[in-house]
There are 2 protein chains.
Amino acid sequence: MKDKKVYKSSLDHCPLTFALKIIGGKWRLPIIWALSKSETMRYNELKRNIDGITNMMLTQTLKDLEANNIIKRQQYMEVPPRVEYALTENGENLIPALKQLANWGKRIK
Amino acid sequence: MKDKKVYKSSLDHCPLTFALKIIGGKWRLPIIWALSKSETMRYNELKRNIDGITNMMLTQTLKDLEANNIIKRQQYMEVPPRVEYALTENGENLIPALKQLANWGKRIK
DNA sequence: CGGGATCCACAGAGATACTG
DNA sequence: CAGTATCTCTGTGGATCCCG
């Protein structure tokens, strides 16, 4: 029988590739960027701020980022429900690196 | 003939997104990284250095990077053919930003 | 208000074979 | 040596509707 092809584990030894995996999705940066400009944001606040994102993509991306410890989720048991998102320390630490990349982008554009 | 689909350029204004577009592909970073460690490299040298890349992906990615002025191509009209690739100044300038990102990746990994 | 589930389109990645 | 030309496949993103 045929072996299922085993793909090299995606998060290989290179920290750069690892970093890019985290910020690489279509909506990851917009969310990180939005959160970097504001201590905390609620779900619908994010949605309003990020043009064109759907509920599904927002939810999914938030989960990914949370799983990677870039953002944290704080849920308040109230009526109506309130959920706030904010950058973790890892997330904050990412910002300077992103700024440098952005500067590069600005220069060569 | 077929229409080329024109994609909405909603991302153009952000230099960060722009930068990520450039380094975002699967093989872009490996190529940039390889070239950053060596002044110039020939086609087959690159291919040997980048594990698993096919001719097609190498050629295509090299073209993309050249179109974005990250690398430059120098062809010598000899027999056998010789083509050398190297980072442009833009490409060199990108390296520090990548290093910072890599450092971040190393810390949180 | 803050999500989740299902289904589907499409661009990017790849295999394979051929060429100046 | 340094590429091209097709075709196929798969993963990511997205539209739409539903739920506590």
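These values consider heavy atoms only, across backbone and side chains, with no hydrogens, waters or symmetry-generated copies. Proteins get letters first, then strands, A, B, ... in listed order; numbering begins at 1 in each.
Phosphate proximity of D/dG14 to A/Trp27: present, with a side-chain N or O under 4.0 Å from OP1 or OP2. Phosphate proximity of D/dA2 to B/Arg48: absent, as no side-chain N or O sits under 4.0 Å from OP1 or OP2. Contact annotation: A/Tyr85 reaches the phosphate of C/dG3 (side-chain N/O to OP1 or OP2, under 4.0 Å). A close approach under 4.0 Å does occur between a side-chain nitrogen or oxygen of A/Lys26 and OP1 or OP2 of D/dG14. A close approach under 4.0 Å does not occur between any side-chain nitrogen or oxygen of A/Lys63 and OP1 or OP2 of C/dG3. Phosphate proximity of C/dG2 to A/Arg42: present, with a side-chain N or O under 4.0 Å from OP1 or OP2.
If you check every strand for non-hydrogen atoms under 4.0 Å, B/Thr54 touches sugar and phosphate atoms only. At a threshold of 4.0 angstrom between heavy atoms, the contacts of A/Asn55 include nucleobase atoms, whether or not backbone atoms are also involved.
Protein atom CG of A/Leu65 is 16 Å distant from nucleotide atom C1' of C/dG3, rounded to whole Å. If you take CZ of A/Arg82 and P of C/dG2, they are 9 Å apart, rounded to a whole angstrom. D/dG3 atom P lies 11 Å from atom CE of B/Met77, rounded to whole Å. The interatomic distance linking A/Ile22 (CD1) with D/dT12 (P) rounds to 15 Å, in whole Å. D/dC1 atom C1' lies 12 Å from atom CG of B/Leu58, rounded to whole Å. A straight line from CD1 of A/Ile53 to P of D/dT16 spans 16 Å, rounded to a whole angstrom. Rounded to whole Å, atom P of C/dG4 lies 10 Å from atom CG of A/Leu62. Rounding to whole angstrom units, CD of residue B/Gln60 and P of C/dG14 are separated by 10 Å.
Residues B/Glu39 and B/Ala86 share a closest heavy-atom pair of O-CB, 3.3 Å. For the pair B/Ile53 and B/Lys47, the tightest heavy-atom approach, listed with the atom from each and the gap, is O-CE, 3.8 Å. For A/Arg42 against A/Pro81, the heavy-atom pair with the smallest separation is NH2-O, 3.4 Å.
Two residues, B/Arg28 and A/Asn44, neighbour DNA chain C, and the one matched to the more 5' nucleotide by heavy-atom proximity is A/Asn44. Taking the nucleotide of DNA chain D with the nearest heavy atom to each of A/Met57 and B/Tyr43, the more 5' of the two is matched to B/Tyr43.
Minimum atom distance to the side chain of A/Met56 is reached by D/dG14, of the listed D/dC1, C/dG4, D/dG14.
When atom types are taken as modelled, the side chain of B/Arg28 and the backbone of B/Lys21 share a donor-acceptor pair closer than 3.5 angstrom.
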